[in-house]
Number of protein chains: 4
Amino acid sequence: MARTTDGNGTPVPQRLLAAATRLFAEQGYDRTSVQEIVEAAGVTKGALYHYFGSKEDLLQEVYSRVLRLQQERLDAFADADAPVEERLRDAAADVVVTTIENLDDASIFFRSMHHLSPEKNKRVRAERRRYHERFRALIEEGQKSGVFSSATPADLVVDYHFGSVHHLSTWYRPDGPLSPEQVAGHLADLLLRALRP
Amino acid sequence: MARTTDGNGTPVPQRLLAAATRLFAEQGYDRTSVQEIVEAAGVTKGALYHYFGSKEDLLQEVYSRVLRLQQERLDAFADADAPVEERLRDAAADVVVTTIENLDDASIFFRSMHHLSPEKNKRVRAERRRYHERFRALIEEGQKSGVFSSATPADLVVDYHFGSVHHLSTWYRPDGPLSPEQVAGHLADLLLRALRP
Amino acid sequence: MARTTDGNGTPVPQRLLAAATRLFAEQGYDRTSVQEIVEAAGVTKGALYHYFGSKEDLLQEVYSRVLRLQQERLDAFADADAPVEERLRDAAADVVVTTIENLDDASIFFRSMHHLSPEKNKRVRAERRRYHERFRALIEEGQKSGVFSSATPADLVVDYHFGSVHHLSTWYRPDGPLSPEQVAGHLADLLLRALRP
Amino acid sequence: MARTTDGNGTPVPQRLLAAATRLFAEQGYDRTSVQEIVEAAGVTKGALYHYFGSKEDLLQEVYSRVLRLQQERLDAFADADAPVEERLRDAAADVVVTTIENLDDASIFFRSMHHLSPEKNKRVRAERRRYHERFRALIEEGQKSGVFSSATPADLVVDYHFGSVHHLSTWYRPDGPLSPEQVAGHLADLLLRALRP
DNA sequence: TATGAATGAGGCTTCATTCAT
DNA sequence: TATGAATGAAGCCTCATTCAT
């Protein structure tokens with residue numbers, strides 16, 4: 001407790017990160033000023049720079065959070081003990097639900113990568129690649145065992161599905177007619193149907 | 001003729017638009033300064049403000065170009081005289097090819113919408129909606145006539161496919177293993193397979 | 001005439017440079033803010049950055065001016081048609097007069113070198129070295145022909161004299177008892193007397 | 001003892017002063033942040049402000065140290081029991097050796113005086129004046145007794161010599177060809193030769 | 001004796017746009 | 001039709017110092 005939480009009980013760094021995430025998603029990284037962030041978090045600029053080396057570090061933090069979360073979930077589903085079509089379906093649906101539940105993170109993720117410095121960008125790309133490959137491996141597994149069609153290269157199938165995930169932040173609205181789970185179910189269905197032999 | 005083309009024969013406004021398109025795609029709209037644009041186009045700031053009212057107008061111009069082009073092509077394919085599955089397939093493949101052939105336009109389109117003023121943004125959204133609805137109508141037509149499955153709402157199917165189009169600018173590289181037509185073929189296949197009853 | 005001189009007839013870049021020179025000499029480079037400079041010059045910050053790329057460029061400009069001036073004068077005296085002791089004496093006295101007449105430039109020169117970026121610093125050092133060597137050549141010429149003592153290495157003699165030039169900005173006051181020419185005469189005398197065989 | 005020396009046996013205040021001296025000499029006073037100093041000394045900011053009232057106090061401490069040391073040495077040589085030319089020669093050589101042995105102190109001394117507050121600056125000037133006068137008295141003594149030429153005002157001679165001392169921090173390198181004693185010998189020679197009647 | 005979070009003022013720089021020519 | 005000097009607001013970041021613990 002005490003000083004690090006002044007006001008509402010949440011530690012300053014987390015307050016800053018939450019404010020930055022919301023503002024980056026709403027207005028874009030470049031359009032969000034440090035001043036707006038600190039005002040939204042109820043601290044001063046000095047405090048921000050006490051915890052984060054730069055505005056870009058805040059962005060990097062968002063990326064780390066997203067990457068870690070998604071990779072963990074994918075690993076859990078992919079390693080499960082179930083038929084490959086079930087594992088793929090669960091993983092494909094889960095990434096949709098998780099993305100919708102963190103839609104701010106997602107819009108930032110897909111729209112602000114070029115705002116990261118080249119070296120941080122490279123690190124992020126490397127982690128995404130790892131994620132992509134894990135997902136692709138699932139598809140290839142099914143293709144080899146014949147439960148999935150091999151008509152389309154697995155790489156392309158991955159990009160097909162992730163295109164739709166990426167796109168969610170463009171059209172999904174929490175007050176729309178479909179729940180996250182329903183959307184996830186439909187998108188996973190489409191993927192699996194496209195893969196039918 | 002004459003002064004408006006100084007140097008290489010292309011009129012100044014087009015030179016400016018070409019320079020802006022490339023730079024916006026490479027660096028993002030906010031990261032591109034008016035100074036950079038005029039330098040890349042080989043003119044001065046005065047010239048830019050002679051032809052365009054503001055930096056945002058250049059962006060708006062890119063949007064107009066993309067929207068007009070895609071709508072024209074979609075209309076042509078959708079109105080063709082052919083079975084619905086063929087019309088959908090052709091339209092779905094064509095938007096992929098056209099997008100790849102104008103990848104700079106596409107990255108700008110999907111990434112810079114929030115840089116347009118609210119009113120211009122609204123106009124763009126309206127036109128996209130029109131495009132979306134024309135595409136959706138094709139799918140609904142097939143669903144009604146039974147050639148497509150009705151398991152997934154047509155709206156969602158549209159977003160599924162356009163997610164993958166949107167995503168192209170993230171992963172497609174001209175020097176990659178697949179030609180634009182091959183990619184288009186695969187993505188259209190995936191869509192139609194997902195729609196099999 | 002016209003816009004570039006608004007106010008008092010001197011072009012803006014020169015006004016800025018004059019203001020910066022005075023302020024850098026009075027307060028030091030780091031203690032002088034860009035704000036102070038533009039206020040003293042009667043322009044806005046934007047104008048400064050229209051003409052100079054950075055605060056450091058202003059400093060670099062002072063260095064260029066000093067180096068060019070001193071090198072020209074040394075070359076003129078060293079190349080004259082006169083006995084070496086006369087050429088050395090004239091050169092040694094002249095650098096004192098010139099330094100006193102540009103005392104602001106001189107204090108900046110000797111005190112602010114470490115504020116230049118490494119690469120600019122290197123360039124300045126190279127030019128100073130050239131100056132040093134021209135001066136040393138004069139002394140060596142006299143040592144070889146026997147009119148100067150060879151007891152002290154010529155390099156050290158150069159540094160001995162330039163130490164006193166460097167030091168002028170520390171103690172010389174225009175309202176003191178000695179005119180620039182008198183000081184110059186005395187310091188040149190000291191040098192030549194120290195070199196008597 | 002105990003906590004004040006944590007780590008390597010040197011008391012905290014001295015560690016701070018040593019770190020500050022090195023950093024001020026390397027980068028200049030303004031370019032050195034309190035953060036850098038405490039990091040170099042291996043302590044925290046709180047510790048620095050426990051021992052020193054401000055960053056400026058650290059600078060003031062360097063000045064005190066230099067002034068005390070040089071004055072003590074000059075007094076010793078000037079008060080010795082020897083002919084005036086020998087006393088002057090020894091004093092002139094000694095200040096060179098001492099300066100070279102404390103080159104960091106010297107660069108700070110000559111370059112950072114304007115960073116002291118007006119009142120501290122005044123105190124330092126007064127002490128330097130006292131030093132200057134003691135040195136000048138030696139020269140005047142020799143001039144009166146006829147062993148030194150009176151062609152140049154004694155004040156100017158002092159400044160001539162101290163210019164070269166001041167200048168040492170600009171050009172002297174420990175790995176150069178001359179030892180401190182050799183440089184001192186040469187510079188003292190030059191002074192005495194210049195004073196030959 | 002020492003910590004380190006937090007402040008608040010100020011620093012340098014960038015930039016879209018205007019306007020006299 | 002075009003120039004480019006100049007503006008003015010805003011942006012990111014640094015830093016010496018304080019203070020509750």
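Per chain, numbering begins at 1; letters A, B, ... match sequence-line order.
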In whole Å, I'd like the distance from the [atom1] atom of [X] to the [atom2] atom of [N].
X       : N      : atom1 : atom2 : result
C:Leu58 : E:dC12 : CG    : C1'   : 12 Å
A:Glu39 : F:dA10 : CD    : P     : 12 Å
C:Leu23 : E:dG11 : CG    : P     : 13 Å
A:Leu48 : E:dG8  : CG    : P     : 15 Å
B:Phe52 : F:dA2  : CZ    : C1'   : 15 Å

- Message: Is there a side chain to side chain contact (heavy atoms under 4.5 Å, CB included) between C:Asn102 and C:Val66? Walk through the geometry before answering.
- Response: CA-CA 9 Å; C:Asn102 300 279; C:Val66 176; over 6 Å; no

- Item | B:Arg111 versus B:Ser169, side-chain donor and acceptor atoms under 3.5 Å | no

- Query: When you check every protein heavy atom under 4.0 Å of nucleotides 11-18 of chain F, what one-letter string (B, S, -) results, 5' to 3'?
  - Reply: SBBBSSBB

- Query: Side chain of B:Val12: nearest nucleotide among E:dG4, F:dA2, E:dG8?
  - Reply: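 Nearest nucleotide to the side chain: F:dA2.
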
[X] versus [Y]: any side-chain heavy-atom pair under 4.5 Å?
X        : Y        : value
C:Phe24  : C:Ile37  : yes
A:His115 : A:Glu56  : no
B:Val38  : B:Thr44  : no
A:Arg128 : A:Met113 : yes

- Task: Just grab all the salt bridge (Lys or Arg N to Asp or Glu O under 4.0 Å) pairs involving residues 25-44 of chain D, residues at least two apart or on different chains.
- Result: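 Counting only pairs at least two positions apart or across chains, the salt bridge (Lys or Arg N to Asp or Glu O under 4.0 Å) contacts touching residues 25-44 of chain D are C:Asp30-D:Arg31, C:Arg31-D:Asp30, D:Arg22-D:Glu26.
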
- What distance do B:Leu16 atom CG and B:Thr10 atom OG1 have between them, rounded to the nearest 0.5 Å? 11.0 Å

- Task: Measure from NZ or CZ of C:Lys55 to the centre of the six-membered ring of C:Tyr49, then state whether that distance is under 6.0 Å and the direction lies within 45° of the axis.
- Result: no

- Task: Give a yes/no on whether any side-chain N or O of A:Tyr51 is located under 4.0 angstrom from OP1 or OP2 of E:dG4.
- Result: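 It does not, given that no N or O in the side chain of A:Tyr51 lies less than 4.0 Å from OP1 or OP2 of E:dG4.
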
- Message: Is the phosphate of F:dA5 approached by C:His50 (side-chain N or O, under 4.0 Å from OP1 or OP2)?
- Response: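 Yes.
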
- Please, what dot-bracket string fits DNA chain F when only Watson-Crick and G-U pairs with both distances under 3.5 Å count, crossing ones use [ ] and pairs to another strand use |? .||||||||||||||||||||

